Amino acid sequence: MAKINFGGVEEDVVTREEFPLEKAREVLKDEVIAVIGYGVQGPGQGLNMKDNGFNVIVGQRKNSKTWDKAQADGWVPGKDLFEIEEALQKGTIICYLLSDAAQIAMWPTVKKHLTAGKTLYFSHGFGITYKERTGIIPPADVDVILVAPKGSGTSLRRLFVEGKGLNSSFAVFQDATGKAREKCIAMGIGVGSGYLFQTDFYKEVTSDLTGERGTLMGAIQGIFAAQYEVLRANGHSPSEAFNETVEELTQSLMPLVAENGMDWMYANCSTTAQRGALDWWKPFRDASKPVFEKLYASVKAGDQAQRSIDSNSQDDYRVKLEVELKELRDSEMWQAGAAVRSLRPERS
């Protein structure tokens with residue numbers, strides 16, 4: 001592992017230089033990697049591994065939308081696309097990439113195919129961390145590993161196609177063969193990680209649930225809505241309010257942050273913008289930190305996991321989810337966003 005300095009804190013990470021793709025292929029040359037779940041992470045991880053030269057198959061239900069999507073992506077029935085149980089039987093590494101709720105429902109089927117020496121692979125620590133609630137308790141004679149790309153499967157695939165990578169965490173929960181860690185890192189390289197940093201299943205799910213509810217999704221929507229509503233209440237048009245709240249951030253400023261950091265983005269804005277940002281970031285931090293502390297405590301206590309299990313396991317959960325998503329989609333702010341996006345000029 002390479003030692004990298006992160007703001008004064010030294011951390012061990014795995015890079016492609018020290019663990020190249022050729023080494024990953026050698027480690028996994030005798031494995032059949034079965035991707036179970038073709039929703040959020042499955043397509044990106046599966047296609048990336050396939051393009052990287054690994055022996056990958058996909059397990060899905062026939063006559064389903066995901067089966068059709070897999071075929072559209074180039075997976076061939078009977079060759080590398082199979083019914084779930086057949087894929088589970090063929091696979092030596094089972095990539096368990098179903099949603100958390102679906103993992104609970106499918107577990108009895110998966111467990112009976114986890115024969116000695118196989119590997120159970122996750123991209124989220126949920127099922128294992130909350131095993132008393134989920135019932136996902138692997139047999140003692142299989143390896144249990146995790147690679148969690150820090151982004152959506154769509155982003156993982158897009159960056160891979162562009163010749164880039166999405167950073168991932170990795171963890172070993174159970175090492176039955178003595179080779180779990182090496183296989184885990186090889187899988188991380190295979191799915192297209194930029195670099196890999198070590199964690200454990202508990203820390204992965206705790207940070208992930210906090211991040212999703214916080215700056216990655218929940219907090220950012222809340223901040224967007226608050227600023228947009230204040231601007232609209234003070235007479236600004238939907239176009240002006242949306243552009244100043246969302247469009248400039250996502251299209252102009254955040255790419256600068258991604259490129260070289262927040263200080264570099266500040267340095268490339270007007271001195272008036274710099275002054276305001278430097279004056280106001282700490283009040284925003286102080287106002288939101290108690291909310292994050294409350295959120296983290298709720299995640300740590302298992303309340304957020306239980307909330308997810310209870311709501312997502314309901315038969316009508318997708319119907320209820322669509323109602324909540326429709327509320328966002330139909331809000332004036334995101335209707336304005338749709339109009340703004342339609343007006344973006346095409347590159348010639």
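It should be emphasised that the depicted structure is a prediction, and the values quoted were computed from it without experimental measurement.
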Mind listing the closest non-hydrogen atom pair of [X] and [Y] along with its distance?
X	Y	value
L120	L114	CD2-CD1, 4.1 Å
A24	A186	CB-O, 3.7 Å
D200	A171	CA-CB, 3.7 Å
S313	A101	N-CB, 4.3 Å
F170	C184	CB-SG, 3.8 Å
A116	D141	CB-OD2, 3.3 Å

Regarding [X] and [Y], does a basic nitrogen lie under 4.0 Å from an acidic carboxylate oxygen?
X	Y	result
E247	R344	yes
E240	R232	no
K300	E293	no
D286	K282	no
D310	R133	no
R307	D303	no
D143	K183	yes

Donor-acceptor check, side chain of [X] to backbone of [Y], threshold 3.5 angstrom: yes or no?
X	Y	answer
N52	G190	yes
Q335	R329	yes
Q174	V142	yes
Q71	V76	no

Quick one: pull up [atom1] in [X] and [atom2] in [Y] and give me the separation to the nearest 0.5 Å.
X	Y	atom1	atom2	value
H236	N243	NE2	CG	13.0 Å
Q103	F126	CD	CZ	9.0 Å
M187	L196	CE	CG	11.5 Å
I185	L28	CD1	CG	11.0 Å
C95	I57	SG	CD1	10.0 Å
Y38	L81	OH	CG	9.0 Å

[X], [Y]: one ILVMFWY side-chain cluster at the under-4.5 Å cut-off?
X	Y	answer
M49	L47	yes
M106	V144	yes
V172	I93	yes
V110	Y121	no
Y130	I136	no

Go through the side-chain N and O atoms of [X] and [Y] and say whether any donor and acceptor fall under 3.5 Å apart.
X	Y	answer
K118	T92	no
S123	Q45	yes
N48	R157	yes
Y195	E18	no
S193	S168	yes
T272	S270	no

### Message
side chain to side chain contact (heavy atoms under 4.5 Å, CB included), that's the test. Do V147 and V191 meet it? Break it down for me.
### Response
CA-CA 9 Å; V147 173; V191 300; 4.2 Å; yes
### Query
Would the number of heavy atoms belonging to other residues, nucleotides or ligands and lying under 6.0 Å from CZ of R318 be above 12?
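No, because the 6.0 Å sphere around CZ of R318 holds 12 heavy atoms or fewer from other groups.
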### Message
Could you check whether atom CG of N63 has more than 12 heavy atoms from other residues, nucleotides or ligands sitting under 6.0 Å from it?
### Response
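Not more than 12 within 6.0 Å, no.
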Are [X] and [Y] packed together at the side-chain level, in the sense that at least one heavy-atom pair is separated by less than 4.5 angstrom?
X	Y	value
Q89	E85	no
V35	L97	yes
E11	K3	no
D175	R181	no
E204	F122	no
I309	T134	yes
Q221	L328	yes
F201	T206	no

#### Entry: Test log, rule side chain to side chain contact (heavy atoms under 4.5 Å, CB included), inputs S169 and Q198
CA-CA 6 Å; S169 60; Q198 193 161 357; over 6 Å; no
Honestly, is [X] close enough over [Y], meaning NZ or CZ under 6.0 Å from the six-membered ring centre and within 45° of the axis?
X	Y	result
K23	F19	yes
K50	W75	yes
K90	F82	yes

### Query
Which pairs count as salt bridge (Lys or Arg N to Asp or Glu O under 4.0 Å) when at least one residue sits in residues 28-46, sequence neighbours excluded?
E26-K29
#### Entry: CA sep, side-chain torsions, deciding dist, call: K203, D208, salt bridge (Lys or Arg N to Asp or Glu O under 4.0 Å)
CA-CA 8 Å; K203 288 179 180 176; D208 191 68; over 6 Å; no
### Query
Are T66 and S64 close enough, and set up right, to give a side-chain hydrogen bond (donor to acceptor under 3.5 Å, both in side chains), and what steps lead you there?
CA-CA 5 Å; T66 45; S64 66; 3.1 Å; yes
### Task
Might you work through the ring pair (Phe, Tyr, Trp, His ring centres under 6.0 Å) test for F292 and Y296, ending with a clear yes or no?
CA-CA 6 Å; F292 279 98; Y296 191 84; over 10 Å; no
### Task
Output the rest of the hydrophobic cluster of M254: all Ile, Leu, Val, Met, Phe, Trp and Tyr residues reachable through side-chain heavy-atom contacts under 4.5 Å, sorted by chain and number.
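Other cluster members: I220, F224, Y228, F242, V246, L249, L253, L256, V257, M262, W264, M265, Y266, L278, W281, M333, W334, V340.
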### Task
Would you check, one step at a time, whether the test side chain to side chain contact (heavy atoms under 4.5 Å, CB included) holds for L88 with T109?
CA-CA 9 Å; L88 287 168; T109 301; 4.0 Å; yes
### Audit row: V319, Y317, side chain to side chain contact (heavy atoms under 4.5 Å, CB included) steps and yes/no
CA-CA 5 Å; V319 175; Y317 113 86; over 6 Å; no
### Message
Please determine whether side-chain hydrogen bond (donor to acceptor under 3.5 Å, both in side chains) holds for the pair S155 and S152, giving the CA-CA distance in whole Å, both sets of side-chain angles, and the decisive distance to 0.1 Å.
### Response
CA-CA 5 Å; S155 298; S152 71; 3.1 Å; yes
